[in-house]
Structures are given as structure tokens and as C-alpha cells.
Amino acid sequence: MSTFTPRVFSGVQPTGNLHLGNYLGAIKRFVEMQDSHECIYCVVDLHAITQDRSVWGGPKELARSTREVTAAYLAAGIDAGKHIVFNQSQVAAHGELAWIFNCVARVGWLNRMTQFKEKAGKNRENASVGLYAYPNLMAADILAYKATHVPVGEDQKQHLELTRDIAQKFNIDFADSIAEAGFGDAFFPLPEPLIVGPATRVMSLRDGQAKMSKSEPSDLSRINLTDDADTIAKKIRKAKTDPDALPDSKEGLAGRPEAANLLGIYAALAEAGIEDVIVQFAGQQFSKLKQDLADLAVEKLSPIAGEMQRLMADPGHIDAVLKDGSSRARAIAAPIMEDVRRIIGFIG
Ligand code: TYM
């Protein structure tokens with residue numbers, strides 16, 4: 001059995017409107033992994049351009065969003081000195097390994113990807129080839145570093161399953177050459193998705209059945225990481241509710257998506273278990289939960305927004321962080337890619 005050193009990799013797209021779902025489902029959890037693991041956190045700018053230019057905003061906006069995601073990483077508490085923070089386009093291994101995975105993954109596998117169907121919409125013929133092959137690039141992101149653990153929100157689960165399928169198929173397809181090169185029975189690890197906690201799927205504040213997302217037209221549907229205190233409080237005050245008092249058990253949340261969402265957000269921000277938060281608000285009206293949630297959200301998010309603003313005022317510093325991170329990322333990926341080329345039979 002091949003064994004792999006534990007290593008964390010994850011990424012966020014620079015497509016504007018970083019929101020509470022990105023924070024609670026991903027970035028906050030990136031921060032938590034730092035004490036126990038070696039971590040690599042990426043701003044996935046190559047992924048951003050898979051959608052129409054109107055979505056990612058063009059070159060100037062892409063650069064701004066790349067800096068903004070970096071600022072969010074740093075403001076949330078990621079230590080770019082101890083760990084690696086960089087942008088995907090600066091490490092050629094991602095594109096190279098993605099091409100190889102285009103030749104490992106099957107069309108049938110990609111045809112099952114629900115995110116492609118959602119993002120391509122009705123006009124699938126007109127989607128970019130990049131959007132279709134997106135999950136292969138994501139597998140390359142992770143496996144170029146032989147990462148073993150990937151903290152993500154619930155919506156990335158299917159992509160992580162595909163990553164494991166690709167790793168496994170590569171290990172099987174090239175088993176002879178992998179063994180010959182001295183890597184035992186597996187060259188790539190099968191990375192584990194880490195989808196845990198009360199906020200793996202934060203829902204829209206306007207509709208408890210829809211995911212909080214960057215692309216929802218109504219800004220009231222999400223709390224952006226750059227929102228000021230008044231805006232956060234206003235959005236929570238206006239959040240959709242139902243007419244009943246809050247339940248006293250988890251079972252009582254069945255069929256009440258808005259209550260489940262607000263309590264889940266509260267639990268994640270308070271770093272408490274959902275059961276404890278249910279007990280705390282049992283029998284109360286939504287107005288009480290909203291008031292307490294607004295106070296808590298402002299307390300936890302305002303310092304991040306403030307720090308992001310401070311960092312964004314010094315783009316030179318952010319660019320230097322990305323440059324340093326890119327060169328350290330390249331140093332990890334380069335020998336892995338040399339092995340990949342040798343295993344496949346590319347002469348170099
Ligand atoms: P992206 O940029 O859409 O989202 C970044 C992270 O935020 C999580 N997330 C949420 N979590 C909880 N509730 C929500 N409403 C919510 N919305 C978003 C996402 O699950 C994700 O963890 N394909 C990825 C980026 C990526 C990546 C990777 C991730 C590219 N390569 C390699 C991990 C490893 C994406 O589009 O995330």
C-alpha cells in the first residue's frame with residue numbers, strides 16, 4: 001500500500017461577491033486546518049474564465065477579484081508565511097495535468113456533473129469547452145500537489161468524487177509504470193472531501209430552498225464579506241421566515257428551511273453545535289433570532305471586512321504574497337509533474 005503525507009488543498013473562484021456561504025463553508029474551515037496540516041490555498045483564476053466574460057467581469061475585474069479573494073484569505077486568518085496562498089494561473093502544472101486528466105476522465109463521467117448542467121443552463125451547445133472540462137482542472141489542482149484532504153462546501157461533493165475516480169483510473173491505467181518507477185500500487189492519493197459542520201450549504205436569505213450564491217441577482221439574498229455592519233443587519237432583518245415560533249428539536253426543523261438556515265448560520269458563526277443553538281432559541285420568535293444573529297454576524301464579520309479593505313488598499317503587498325506563494329507551489333508541483341511525465345512515457 002502506498003502512503004501519502006497529509007496535505008490540504010482547496011480553492012475559491014475570483015468571480016466577485018464573496019459571501020457568507022464561501023466563508024462558513026470554506027474559508028473559515030481553511031483557517032481551522034492550519035494548525036494540524038500543511039495547507040495550500042488557491043485563487044482559481046483559470047476556473048473563473050470558464051464562464052462568460054459577463055460573469056467574471058473582464059481582465060480588470062478578474063485582477064481585482066483575485067486580489068479580493070486573497071485579501072479574504074488573509075483577513076480571515078490564513079497564514080501565508082506558514083502555508084501557501086497563490087493564484088492558479090501562475091503554476092503551469094495545473095493546466096498541464098488537467099490536459100492529461102482530459103485523457104483519463106470519460107465523457108460519460110463529465111456528462112453526469114450537475115454543476116455543469118446548472119451553469120450551462122438551457123444553451124448547453126454554447127457553453128465553453130472549459131466549463132465542461134472544469135472538474136478535470138479541479139482534479140489537477142488537487143493532485144498536482146498529491147493533496148489528501150480537501151475542505152469544501154456541499155456543492156463540491158460530486159467534483160471531489162470525480163477527482164477520486166480520476167486518481168484511481170490513473171493509478172490503474174499506469175499501474176505497471178507506476179510500480180516500475182518505485183511508487184508501489186498508487187501514484188496519486190484518493191483525496192478525501194472534508195464537508196463538515198453546520199454550514200456546508202448556506203442557503204439564500206430570501207429563499208431557504210436555494211443555495212446562497214454569487215450569481216443570484218438579488219443582493220438581499222446573501223451577506224457579502226465586504227458588507228458593512230448596517231447592511232448585514234438590514235439583510236438579516238429582511239430575511240425570509242415562516243410564521244411559527246422556533247422549534248425545540250432538530251426534528252422540528254423538517255419542512256422549515258428558513259429556520260434551519262438561520263440557526264445553522266448562527267451555530268457556525270458562534271462555533272456551537274446546532275443542537276445547542278436549537279435549545280438556545282427554542283420557543284422564541286424569529287425576531288429574537290434575527291436580532292441576536294445580526295449582532296453575532298456583525299461582531300464576527302466586520303473585522304474581516306475592515307481587514308480586507310485595509311489589504312485591498314495595498315495591492316502591491318497582495319501581489320507579493322501571491323508571487324511568493326506561486327513560487328513555493330511550483331516547487332512542490334514540479335517534481336510530481338516530472339514523475340507524471342515519466343510514468344506516462346513522455347521523454348524529457
Ligand atoms: P466556489 O468559488 O464556487 O466556492 C468556494 C467554496 O465555497 C463553498 N460554497 C459554499 N459553502 C456553503 N454554502 C454555500 N452557499 C456555498 N457556496 C459556495 C464551495 O463549496 C467552495 O468550497 N470548484 C470550486 C473551486 C475549486 C476547488 C478546486 C475547490 C477549484 N479547484 C480544488 C477545492 C479544490 C468552486 O467553484 O468553488
Side-chain angles (χ1 to χ4, degrees), residues 7-30 33 39-51 55-56 65-66 68-69 72-73 76 86-89 91 93-95 97-98 101 113-116 118-119 130-131 133-164 166-167 191-216 221-225 257 260-261 264-265 267-269 329:
R7 181 178 282 154
V8 168
F9 182 97
S10 198
V12 173
Q13 289 196 68
T15 38
N17 292 335
L18 269 182
H19 55 71
L20 187 64
N22 299 129
Y23 177 63
L24 295 178
I27 300 173
K28 185 171 188 298
R29 308 218 8 267
F30 298 177
M33 305 291 305
C39 303
I40 305 177
Y41 295 128
C42 187
V43 186
V44 291
D45 47 9
L46 297 174
H47 275 115
I49 64 164
T50 55
Q51 285 187 275
V55 175
W56 52 273
S65 296
T66 301
E68 189 170 272
V69 175
Y73 282 174
F86 77 108
N87 55 322
Q88 193 184 24
S89 59
V91 181
H94 295 251
L97 191 57
F101 288 167
M113 295 294 115
T114 55
Q115 282 226 336
F116 173 75
E118 279 165 23
K119 285 188 180 164
L131 187 67
Y134 178 116
N136 295 345
L137 177 59
M138 187 161 156
D141 298 340
I142 298 164
L143 295 171
Y145 304 94
K146 295 194 178 179
T148 53
H149 294 85
V150 187
V152 283
E154 170 75 32
D155 61 354
Q156 297 302 315
K157 190 164 182 247
Q158 195 184 32
H159 289 159
L160 264 295
E161 283 162 4
L162 186 92
T163 299
R164 291 168 64 90
I166 290 175
E192 260 184 60
L194 300 176
I195 305 174
V196 289
T200 56
R201 190 172 174 81
V202 176
M203 308 307 275
S204 155
L205 297 179
R206 304 299 290 166
D207 174 1
Q209 318 264 19
K211 193 179 68 171
M212 185 178 284
S213 92
K214 291 170 183 167
S215 54
E216 159 67 42
S221 69
R222 67 183 158 259
I223 293 172
N224 300 306
L225 282 190
N261 191 35
I265 293 173
L269 285 170

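Indexing begins at 1, ligand by ligand and atom by atom, following the structure's order.
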For this session: Could you establish whether Gln115 and ligand 1 come within less than 4.0 Å of each other, counting only heavy atoms on the residue side?
Result: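 The answer is no, since Gln115 has no heavy atom less than 4.0 Å from ligand 1.
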
Exercise. Is the closest heavy-atom distance from Lys214 to ligand 1 below 4.0 Å?
Worked result: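 Per 4.0 Å heavy-atom rule, Lys214 contacts ligand 1.
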
Is there a side-chain contact between [X] and [Y] (heavy atoms, below 4.5 Å)?
X	Y	value
Val202	Ile265	yes
Gln156	Gln115	yes
Leu194	Val150	no
Tyr134	Lys119	yes
Met212	Ser221	no

Is [X] close to ligand 1, meaning an N/O of one under 3.5 Å from an N/O of the other?
X	value
Gln156	yes
Val202	yes
Tyr134	yes
Met138	no
Asp141	yes
His159	no

Mind listing the closest non-hydrogen atom pair of [X] and [Y] along with its distance?
X	Y	answer
Leu18	Lys214	CD2-CE, 4.4 Å
Leu137	His94	CD1-O, 3.6 Å
Tyr73	Cys42	OH-O, 2.6 Å
Pro151	Arg29	CB-NH2, 4.2 Å

Please state which option from [options] has its nearest heavy atom closest to [atom].
atom	options	result
atom 19 (C) of ligand 1	Val152, Thr163, Asp155, Ile265	Asp155
atom 9 (N) of ligand 1	Asn22, Leu143, Leu194	Asn22
atom 10 (C) of ligand 1	Gly25, Gly21, Cys42, Ser213	Gly21

Exercise. Should the pair Phe9 and Tyr145 be assigned to parallel (<30°), tilted (30 to 60°) or perpendicular (>60°) ring geometry?
Worked result: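 Because their plane-to-plane angle is under 30°, the rings of Phe9 and Tyr145 count as parallel.
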
Using a 4.0 Å cut-off to any heavy atom of [X], which atoms of ligand 1 qualify?
X	result
His47	30 (C), 31 (N)
Lys211	15 (N)
Ala199	12 (C)
Val150	33 (C), 34 (C)
Arg201	12 (C), 13 (N)
Phe9	32 (C), 34 (C)
Met212	15 (N), 17 (N)
Ser10	29 (C), 33 (C), 34 (C)

To which protein heavy atom is [atom] closest, and what is the distance rounded to 0.1 Å?
atom	answer
atom 22 (O) of ligand 1	Gly153 N, 3.2 Å
atom 6 (C) of ligand 1	Ala26 CB, 3.5 Å
atom 2 (O) of ligand 1	Gln13 N, 2.9 Å
atom 12 (C) of ligand 1	Thr200 O, 3.2 Å
atom 25 (C) of ligand 1	Gly11 O, 3.6 Å

Exercise. Among side-chain atoms of Thr66 and Asn87, is any donor-acceptor pair under 3.5 angstrom?
Worked result: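 Distance-only check fails for Thr66 and Asn87.
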
Exercise. Are Gln158 and Thr114 close enough that a side-chain donor and a side-chain acceptor fall under 3.5 Å?
Worked result: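 Side chains of Gln158 and Thr114: pair found under 3.5 Å.
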
For this session: Could you grab the distance from atom CD1 of Ile40 to atom CZ of Phe30, nearest 0.5 Å is fine?
Result: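 Going from the CD1 atom of Ile40 to the CZ atom of Phe30 covers 12.5 Å.
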
For this session: Answer with side chain, backbone, both or neither: which part of His19 has a heavy atom less than 4.0 angstrom from an atom of ligand 1?
Result: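 His19 to ligand 1: side-chain contact only, backbone stays beyond 4.0 Å.
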
Exercise. Tell me, which pairs form a side chain to side chain donor-acceptor pair (under 3.5 Å) where one or both residues lie in residues 197-210, sequence neighbours left out?
Worked result: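 Found none.
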
Exercise. Taking atom NZ of Lys157 as the centre, does the number of heavy atoms from other residues, nucleotides or ligands within less than 6.0 Å exceed 12?
Worked result: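 No, NZ of Lys157 has 12 or fewer neighbouring heavy atoms, counting only those of other groups under 6.0 Å.
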
